[in-house]
Visitor: 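Here you go, one structure.
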Amino acid sequence: MQTRRNEISRHPLVIRGYVGGRFTDASPTEEIAVIDPATEQRVATLYESSAEEVDRAVIAARTAFDRGPWGRATVAERQKALLAIHDAILAHAEELAFLETINTGIPLSQTRNVHIPRAAYNFRFFAEYINQAGGEVFTQEPGLMSLVTYEPIGVCALIGPWNMPLGLTAMKIAGALAFGNACVVKPSELTPLTVTRLFEIIEGILPEGVMNLVNGRGPVTGTALVSHPGIDMVSFTGGTVTGSAILASLAKGIKGSAMELGGKSANIVFADADFDQALDAALMSSFMNNGQMCLAGSRIFIERKIADRFIEAFSRRVPALKIGDPIQEGTEIGPMINAAQRERMARYAESGLSEGATLLCGGHRFSGLATGYYFEPTAMLAPSNEVAICREEIFGPFAAIQVFDEEDEVIAKANESDFGLVGYVWTQDLQRSMRAASALRTGTVLVNTPIIRDLRTGFGGYKQSGLGREGAKGSQAMFTEMKTTIIARAPRTLPRMGAGA
Ligand code: NAD
């Protein structure tokens with residue numbers, strides 16, 4: 001792997017768009033360096049898609065949708081294509097995991113065991129789902145039959161973030177294609193490697209123009225895409241501020257959207273919880289993916305009766321996390337995505353201290369490696385839920401711990417947030433877990449389990465964590481138009497307007 005990484009740093013990869021069935025030329029556009037956050041070396045040169053290239057990509061998708069075979073493909077044909085994409089990802093799994101790791105800094109054990117298998121699974125899941133997903137028929141009214149059918153929405157703009165580039169974007173692509181749409185995909189300009197490689201390894205599987213790719217920065221390529229009149233909807237995963245800007249742009253054309261945005265998820269540990277499971281899960285929820293997870297459960301609430309023991313055990317484990325080169329086996333924490341993200345971590349550590357929090361561990365730039373945007377995994381004991389480290393999404397390896405006494409108190413504090421993505425609850429008391437599950441204002445509640453996604457259910461957020469849900473029915477709602485057809489099964493008795501009394 002090191003040899004391949006050296007080769008790439010000598011000959012960086014080339015990232016371009018893919019429009020109408022072929023990669024675009026490296027026309028003289030803005031060149032953006034794509035960086036390996038562990039080595040700080042260039043791994044690719046991204047030739048940014050201009051507004052003109054975005055226009056061509058949307059037209060290619062529009063043409064494929066309006067006139068091509070995909071929108072009318074049978075379930076069997078769509079399943080065959082989706083399963084072929086699934087197989088192609090698995091056939092290239094090791095390479096994709098490597099590319100994901102050198103682009104994001106996420107440890108190879110995680111990209112290899114979680115991200116890439118999950119990217120593939122999305123396609124298999126939706127291939128299976130569309131065989132069962134039907135419409136509805138209502139016949140209760142004599143003489144009438146009402147049909148509800150779900151038709152492809154058209155051209156979908158699919159915009160992904162940098163923290164799980166292939167896995168999260170694959171979710172969108174699989175859902176959009178499964179329901180018969182064409183799409184234009186835009187990965188984050190920081191992490192375009194695996195999504196671009198996906199386009200190479202699936203060449204020939206889909207009809208021309210069904211899946212297109214544009215690459216570039218949000219304010220250039222992203223805005224050109226979301227403001228293009230030829231798109232029918234945007235499925236976006238990213239930050240809340242960006243999501244809000246995209247919604248404003250979509251409002252002009254009355255276009256639909258699905259928004260998977262930020263989080264600040266509460267992780268509530270009651271005194272009766274399985275202590276070891278809750279501890280392992282709190283570490284995982286705060287530090288997996290280098291802490292850069294929308295569903296991080298890093299706003300941790302511990303019941304006072306076990307607080308000293310829990311905080312002591314947590315504070316012992318965090319400094320023992322293995323920080324290192326993400327391509328090395330055994331590394332648990334890799335670098336932040338870039339220097340700006342590392343500085344952001346340092347600012348939160350300072351803001352915590354200035355607002356009265358106690359530093360339990362970490363809090364500084366990690367200096368044990370010669371290169372890389374590393375930051376020490378950090379934990380702070382917060383004086384209240386009001387401080388910035390408990391309010392704002394930090395998006396790095398940073399846990400903010402609070403102590404509570406009562407169930408009502410902790411549920412209220414968990415809900416005191418602009419976000420509402422996930423609520424984690426640890427207790428052995430079934431009725432308490434049910435009370436908490438219904439009281440938490442979050443799109444998902446996880447009881448006695450850390451991070452888990454079940455595609456049969458919906459994933460998404462309340463409040464500023466988003467709009468819409470991803471997964472089976474949620475993706476169907478996102479990527480289809482619901483159509484109602486009402487048919488008279490017998491002549492109807494109608495008022496004879498204008499025919500006299
Ligand atoms: P970001 O908002 O900076 O960027 C996301 C994508 O939007 C990138 O592709 C970017 O180029 C593009 N973009 C930026 N400005 C744009 C604009 N004006 N118009 C169109 N596109 C634009 O987010 P990020 O930093 O890449 O990702 C981190 C954020 O994503 C965090 O807030 C995290 O919580 C969130 N996230 C949410 C989920 C979820 O499922 N809810 C999952 C992963 C990440």
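Order of appearance sets the numbers: ligands from 1, and atoms from 1 within every ligand. Values below: every heavy atom of this structure, side chains too, minus hydrogens, waters and symmetry copies.
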Visitor: Would you say the side-chain atoms of Arg299 and Asn385 include a donor-acceptor pair closer than 3.5 Å?
Guide: yes
Visitor: Can a side-chain donor-acceptor contact be found between Asn267 and Trp426 if the only test is distance below 3.5 angstrom?
Guide: yes
Visitor: I want to know if ligand 1 touches Glu393 in the polar sense, i.e. an N/O pair below 3.5 angstrom.
Guide: yes
Visitor: Would you tell me whether Tyr129 and Gln476 have side-chain atoms, one donor and one acceptor, within less than 3.5 Å of each other?
Guide: yes
Visitor: Of the choices Phe236, Trp162, Phe419, which has the non-hydrogen atom that lies closest to atom 7 (O) of ligand 1?
Guide: Phe236
Visitor: Name the closest protein heavy atom to atom 28 (C) of ligand 1, giving the residue it belongs to and the distance to 0.1 Å.
Guide: Phe395 CE2, 3.5 Å
Visitor: Judging by distance only, is a nitrogen or oxygen of Thr240 under 3.5 angstrom from one on ligand 1?
Guide: no
Visitor: Is Val226 in polar range of ligand 1, meaning some N or O pair under 3.5 Å apart?
Guide: no
Visitor: Ignoring hydrogens and geometry beyond distance, is a side-chain donor-acceptor pair present between Lys186 and Thr221 at under 3.5 Å?
Guide: no
Visitor: Please check whether Leu261 reaches ligand 1 - meaning an N/O of the residue sits under 3.5 Å from an N/O of the ligand, judged on distance alone.
Guide: yes
Visitor: So does Arg16 pair up with Asp25, basic N to acidic O under 4.0 Å?
Guide: no
Visitor: Give a yes/no on ligand 1: does Gly160 have at least one heavy atom closer than 4.0 angstrom to it?
Guide: yes
Visitor: Any N or O of Leu421 that comes nearer than 3.5 Å to an N or O of ligand 1?
Guide: no
Visitor: Does Gly460 come within less than 4.0 angstrom of ligand 1, counting non-hydrogen atoms of the residue?
Guide: no
Visitor: Among all protein heavy atoms in this structure, tell me which lies nearest to atom 22 (C) of ligand 1, with the distance rounded to 0.1 Å.
Guide: Gly218 CA, 3.5 Å
Visitor: Determine whether the side chains of Thr111 and Thr101 contain a donor N or O and an acceptor N or O closer than 3.5 Å.
Guide: yes
Visitor: How far is atom 21 (N) of ligand 1 from the closest protein heavy atom, and which atom is that?
Guide: Gly222 CA, 3.6 Å
Visitor: Taking atom types as modelled and ignoring hydrogens, do the side chains of Asn289 and His115 form a donor-acceptor contact shorter than 3.5 angstrom?
Guide: yes
Visitor: Could you name the option among Gly238, Ser249, Cys294 that has the heavy atom nearest to atom 39 (C) of ligand 1?
Guide: Cys294
Visitor: Can you pull out the closest protein heavy atom to atom 3 (O) of ligand 1? Residue, atom name and distance to 0.1 Å, please.
Guide: Thr242 OG1, 3.9 Å
Visitor: Under 3.5 Å, is there a donor-acceptor pair linking the side chains of Thr45 and Arg42?
Guide: yes
Visitor: Output yes when Glu376 and Arg365 qualify as a salt bridge under the 4.0 Å nitrogen-oxygen rule, no when they do not.
Guide: no
Visitor: Taking N or O atoms only and a 3.5 Å limit, does Arg217 qualify as a polar contact for ligand 1?
Guide: no
Visitor: Is the shortest N/O to N/O distance between Glu189 and ligand 1 below 3.5 Å?
Guide: yes
Visitor: Measure from atom 13 (N) of ligand 1 to the protein's non-hydrogen atoms and state whether any distance is below 4.0 Å.
Guide: yes
Visitor: Check whether Phe459 forms a cation-pi arrangement with Arg453 (NZ or CZ under 6.0 Å from the six-membered ring centre, at most 45° off the ring normal).
Guide: yes
Visitor: Are Glu48 and Asn215 close enough that a side-chain donor and a side-chain acceptor fall under 3.5 Å?
Guide: no
Visitor: Under 4.0 Å from ligand 1, counting heavy atoms only, is it the side chain of Leu190, its backbone, both or neither?
Guide: neither
